[in-house]
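Presented below is the structure to which this report refers.
Order of listing sets the numbers, starting from 1, for every ligand and every atom in it. We number each residue from 1, following the sequence as shown. Excluded from the calculations below are hydrogen atoms, water molecules and symmetry mates; all remaining heavy atoms, backbone and side chain alike, are included.
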Amino acid sequence: MYSSSPADAPLVREPVHAPVAHLIRGGIVEGIHYGSVVVLGADQEVQLQLGDIEAAFYPRSALKPLQAVAMVRAGLPLDGELLSLTAASHSGEERHLAGSRRILELAGLTEGHLRNVPDLPYDPVVRDAWVREGRMPSRLAQNCSGKHAAMLYTCMLNGWSLEDYLDPGHPLQQAVAEIVEDLTGQRVARVTVDGCGAPLFSISLHGLARATARITTAVPGTPEARVADAMREHAEMASGSGRDVAALMRAVPGLLSKDGFEGVQVAALADGRAVAVKIADGANRARVPVTAAALARAGVNPELLTEFAGEPLLGGGEPVGCVRPVRALDPVPSTACV
Ligand SMILES: NC(=O)C[C@H](N)C(=O)O
């Protein structure tokens, strides 16, 4: 246990976000992305904060590594690709569907036991092909199916009921809440329902960074280390081909990173340095460059991060600007912006 008595829950208040990235077109600030950012040093001290890192927020799928740790602690006997898929917001590629099916099979169950909401594949290319083939939204294709299959497997192994595994009072979800509080070191502020149907726990951005650093710094062989290893070694199973989060994990040695809907990203290094980002309006185009800039502030070599600096803004098909993290985040003045 990390936190013998977790601190109070984060405050539920309107978050006071700050500018985190500028949209520059032709040398003028055309737009401003607001958000919050925390950078933790290896000693877990806050090295940089922007916006509101202590307010209650929803980490969405950036919570999945914590949920996976809870399942492994409850006896989930997975590693490698299938454990990575357990913590995935997957793209809906065939390998992801096959992996979710395999987890269900190991539990002696079928797709019919899943209670996540049917959806089309998350990745636009995979989704377009899916629709062209006339396929319908499905529970297996939904980006959280690995997590749900693993939740069912964990219930089977513990003799817990299957029909109501998404109820926040179910022993599985109680176990998840306990691990979330242990790893973040704070009480959960609110419990609501995530898009997929699973309980969604509200913590602070600071708590998310701290929890993820605890996962990457855990002793080898522990549930935390098993989840970190699986996700790092099988980054495409935790996301998909061509996903920025997988590319980021490959680019930065030892990095564990997880994205969540509505502009959330967390990333932690093996020595405990960690960053967490929330873009106020959920904009993906700001999430990646802001995460990269925060990692540079945490001491990651900026040369490893150049491909995440942000897509150029086009005018007449030519680059005329870019999304640029604010100066407080950007250690190297960018030359990419026109
Ligand atoms: N990637 C995500 O954040 C997905 C989220 N867990 C949902 O169910 O909507």
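With sequence neighbours left out, Tyr165 forms a ring-ring contact (aromatic ring centres under 6.0 Å, His included) with His148.
Nearest protein heavy-atom neighbour of atom 9 (O) of ligand 1: Arg60 NH2, 2.9 Å. Closest to atom 8 (O) of ligand 1, if we only count protein heavy atoms, is Cys196 N, 2.7 Å. With hydrogens left out, the protein atom closest to atom 1 (N) of ligand 1 is Ser61 OG, 3.0 Å, a heavy atom. Protein heavy atom in closest approach to atom 7 (C) of ligand 1: Asp194 OD1, 3.3 Å.
Residue-environment remark: CZ (Arg135) exceeds the threshold of 12 foreign heavy atoms within 6.0 Å. Residue Glu111 qualifies as enclosed at atom CD: its count of foreign heavy atoms under 6.0 Å is above 12.
Listed by atom number, the atoms of ligand 1 under 4.0 Å from Cys144 heavy atoms are 6 (N), 8 (O). Here is the list of ligand 1 atoms found below 4.0 Å of a heavy atom in Ser89: 1 (N). Those atoms of ligand 1 that come under 4.0 Å of a heavy atom in Asn143, given as number and element, are 1 (N), 4 (C).
One side chain, Ser145 or His90, offers a donor N or O that lies under 3.5 Å from an acceptor on the other.
Between Ala292 and Leu305 the shortest heavy-atom distance is O-CD1, 3.3 Å. Leu162 and Cys155 make their closest contact through CD2-CB, 3.7 Å (heavy atoms, listed as atom of the first residue, atom of the second, distance). The minimum heavy-atom distance between Ala225 and Val219, with the atom names listed, is CB-O, 3.3 Å.
Polar contact with ligand 1: absent for Gly260 (N/O pair, distance under 3.5 Å). The shortest N/O to N/O separation between Lys147 and ligand 1 does not fall below 3.5 Å. On a distance-only criterion, Asp259 and ligand 1 share no N/O pair closer than 3.5 Å.
At a heavy-atom cutoff of 4.0 Å, ligand 1 is contacted by no atom of Val264, backbone or side chain.
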Identify each donor-acceptor pair in which a side-chain atom of residues 244-251 lies under 3.5 Å from a protein atom, sequence neighbours left out, and give them as a table.
| residue | atom | partner | partner atom | Å |
| --- | --- | --- | --- | --- |
| Asp244 | OD1 | Arg287 | NH1 | 3.0 |
| Asp244 | OD1 | Arg287 | NH2 | 3.4 |
| Asp244 | OD2 | Arg287 | NH2 | 2.9 |
| Arg250 | NH1 | Glu236 | OE2 | 2.0 |

